[in-house]
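Worksheet for the structure shown next.
All residue numbers refer to positions in the sequence shown, counting from 1.
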Amino acid sequence: MLSAIKPRKVVIPCTGSFSLAWVAREADVSAESIVCGDISLYSTALGNAIMDTDWQLSLNPDTPQEYADMITPLLTSPLDKAVGVLLMVRILQYVRKDKKAYHEHRRLELVRNSGEYIAQLREQVIGIRSYLKGLIYLAQDMWVTMETELGSADIVNLINPPRYSGGYDRMFAGIDAIFNWDEPSAKQFTEKDYPHLMDTLAEDDALSMMYYATDGEDPAPQWGTPWRSLFADRPNSMGQAAINWIIGNRDPVGIEASRGKIVSSSAKFPLFTGVISEASDIRAVRVEKTVGDYYRDLFIHRLPGSTTEMYIAILVDGFLMGIVGLHLADLRRGKVIKKGDKTLDHCASVT
């Protein structure tokens with residue numbers, strides 16, 4: 001979608017691990033056109049490393065000695081400060097576990113072999129910095145970022161705030177006991193803040209696209225006009241799996257532009273437009289995934305949530321009548337195919 005919209009600026013108010021910034025770059029948005037913000041130490045360390053901007057970071061006096069010995073040599077540059085923060089975030093994830101021996105051994109392994117992990121992290125941060133260098137990172141509340149950076153129709157706002165109370169505390173518990181830094185003042189976002197957020201973005205001229213996960217219901221109607229759903233996908237075939245939605249405060253592009261490119265080289269059969277007679281030759285033929293996906297995309301535009309392992313083409317006199325997608329694991333289990341089940345998805349006959 002970003003490739004089709006070609007925004008002047010992409011704003012990511014709660015950037016997290018900069019994954020959305022990476023997506024924007026892959027959509028040919030220049031790094032100089034990306035503005036990211038966040039309030040966590042994790043994002044601030046990465047953001048300053050990307051910009052190669054030094055910032056205040058030090059160890060608390062009561063930091064355990066095993067951590068102090070490991071982190072102190074890293075407090076010398078934006079790059080190494082990010083490495084130190086990332087390493088400590090990972091170590092503390094095991095500290096917060098259920099105090100099982102397994103988790104303690106994993107923590108000890110990270111500390112004892114910290115030299116190897118520091119080298120690996122440094123290489124990874126250098127790669128991130130190389131790809132994203134030029135973007136602007138702002139260590140500030142998402143509300144401040146939206147107020148100062150939005151307001152224009154040629155701006156895209158990509159937003160994915162944590163949907164549970166104390167999200168940042170849960171993700172980064174214990175990190176503030178290790179480091180001192182200039183933490184920005186911010187009120188942590190909770191589910192109760194959504195109505196205000198949705199009303200604010202609905203009235204803004206910028207195109208806002210929000211990630212939203214539900215058990216199945218389209219989340220857009222609960223927020224009213226102008227919100228609408230732009231995309232939906234279920235990451236696996238389990239019935240309990242949440243559906244990932246992208247909702248927007250306007251339709252960014254027409255259906256022709258938002259549809260993925262269909263690779264015509266995968267076409268193998270002419271489409272059936274004739275008449276079936278007693279002499280017609282009707283066959284079921286297994287085809288390759290590229291061929292099956294081509295016709296499924298042509299007929300139903302990549303139906304979200306379906307899981308297909310084998311493709312069967314239904315041919316009438318050599319012309320394609322339809323494509324059947326089979327999920328073999330369910331067939332082996334003898335799963336009963338019910339109405340609406342995606343174990344067998346028939347891509348509608350061509351008439």
Side-chain angles (χ1 to χ4, degrees), residues 12-19 21 36-97 99 103-104 106-129 132-133 135-145 161-162 164-190:
I12 309 170
C14 32
T15 193
S17 61
F18 291 84
S19 57
C36 298
D38 214 311
I39 60 172
S40 74
L41 176 58
Y42 174 90
S43 299
T44 299
L46 266 180
N48 283 310
I50 292 169
M51 295 193 300
D52 199 22
T53 300
D54 206 4
W55 55 296
Q56 187 274 321
L57 180 72
S58 61
L59 288 175
N60 281 317
D62 55 353
T63 298
Q65 194 61 46
E66 61 178 347
Y67 299 154
D69 292 342
M70 180 176 59
I71 299 298
T72 298
L74 299 174
L75 301 177
T76 56
S77 70
L79 172 64
D80 280 344
K81 287 179 181 179
V83 170
V85 169
L86 294 179
L87 180 58
M88 280 309 310
V89 167
R90 184 58 172 162
I91 289 172
L92 292 174
Q93 287 176 343
Y94 289 114
V95 174
R96 295 196 301 271
K97 297 290 184 180
K99 304 297 183 181
H103 298 123
E104 173 60 12
R106 290 300 302 268
R107 184 195 71 83
L108 286 173
E109 195 272 333
L110 286 171
V111 174
R112 291 168 179 168
N113 298 301
S114 59
E116 293 293 328
Y117 291 113
I118 287 170
Q120 293 175 21
L121 284 169
R122 186 178 285 117
E123 184 176 344
Q124 292 175 24
V125 175
I126 289 173
I128 294 172
R129 182 176 65 180
L132 299 180
K133 190 167 181 62
L135 65 70
I136 296 173
Y137 174 77
L138 305 168
Q140 62 187 23
D141 193 344
M142 57 176 274
W143 298 101
V144 177
T145 301
Y164 50 87
S165 299
Y168 284 102
D169 287 341
R170 284 175 160 185
M171 288 186 285
F172 307 116
I175 198 70
D176 287 332
I178 303 295
F179 294 105
N180 288 314
W181 65 295
D182 295 329
E183 184 175 2
S185 175
K187 177 185 176 182
Q188 291 198 29
F189 188 89
T190 70

- Item | Taking every non-hydrogen atom, the tightest pair across W181 and I39 | CH2-O, 3.3 Å
- Note on the structure: Result for side chain to side chain donor-acceptor pair (under 3.5 Å) between K81 and one of N48, T76, D54 points to D54
- Query: Heavy atoms, side chains only, cut-off 4.5 Å: are I91 and M70 in contact?
  - Reply: yes
- Item | Interatomic spacing from OH in Y117 to CG in L86 - rounded to 0.5 Å | 15.0 Å
- When rounded to the nearest 0.5 angstrom, what distance separates CD1 in I126 from CG in L121? 11.0 Å
- Query: Is any NZ, NE, NH1 or NH2 atom of the basic residue among R122 and D80 found under 4.0 Å from an Asp or Glu carboxylate oxygen of the other?
  - Reply: yes
- Query: Of all heavy-atom pairs between M51 and I136, which one has the smallest distance, and what is that distance?
  - Reply: SD-CA, 3.9 Å
- Item | Identified side-chain contact (heavy atoms from CB on, under 4.5 Å) counterpart of L57 within the set N180, I71, V85, D182 | V85
- Item | Contact summary for A68 and L59, nearest pair of heavy atoms | CA-CD1, 3.8 Å
- Message: Quick check against the 3.5 Å criterion: does N60 have a side-chain atom that pairs as donor or acceptor with the backbone of D176?
- Response: yes
- Note on the structure: Scanning both residues in full, the closest heavy-atom pair of G16 with S43 reads O-OG, 2.7 Å
- Item | Point-to-point distance, once rounded to the nearest 0.5 Å, from CD of Q140 to CG of D38 | 10.5 Å
- Note on the structure: So CG of L46 and CD1 of I128: to nearest 0.5 Å the spacing works out to 5.5 Å
- Message: Strictly distance-based, threshold 3.5 Å: is any side-chain N or O of T44 a donor or acceptor partner for the main-chain N or O of L41?
- Response: no
- Item | Non-hydrogen atoms of A49 and R129 that approach each other most closely | O-CD, 2.9 Å
- Task: Give a yes or no on whether a salt bridge exists between R106 and E109, defined as a side-chain N under 4.0 angstrom from a carboxylate O.
- Result: no
- Query: Quick check: does any side chain N or O of T63 sit under 3.5 Å from a backbone N or O of I178, one acting as donor and the other as acceptor?
  - Reply: yes
- Sidechain-backbone polar pair: Y42 side chain, S17 backbone, donor-acceptor under 3.5 Å: no
- Message: Once rounded to the nearest 0.5 Å, what's the spacing between atom CE of M88 and atom CD of Q93?
- Response: 11.0 Å
- Note on the structure: Note: L135 and C36 closest approach over all heavy atoms is CD2-SG, 4.3 Å
- Query: Around Q56, counting heavy atoms of other residues, nucleotides and ligands shown, do more than 12 lie under 6.0 Å from its CD?
  - Reply: yes
- Task: Spell out, as yes or no, whether a donor-acceptor pair under 3.5 Å connects the side chain of Y67 to the backbone of V111.
- Result: no
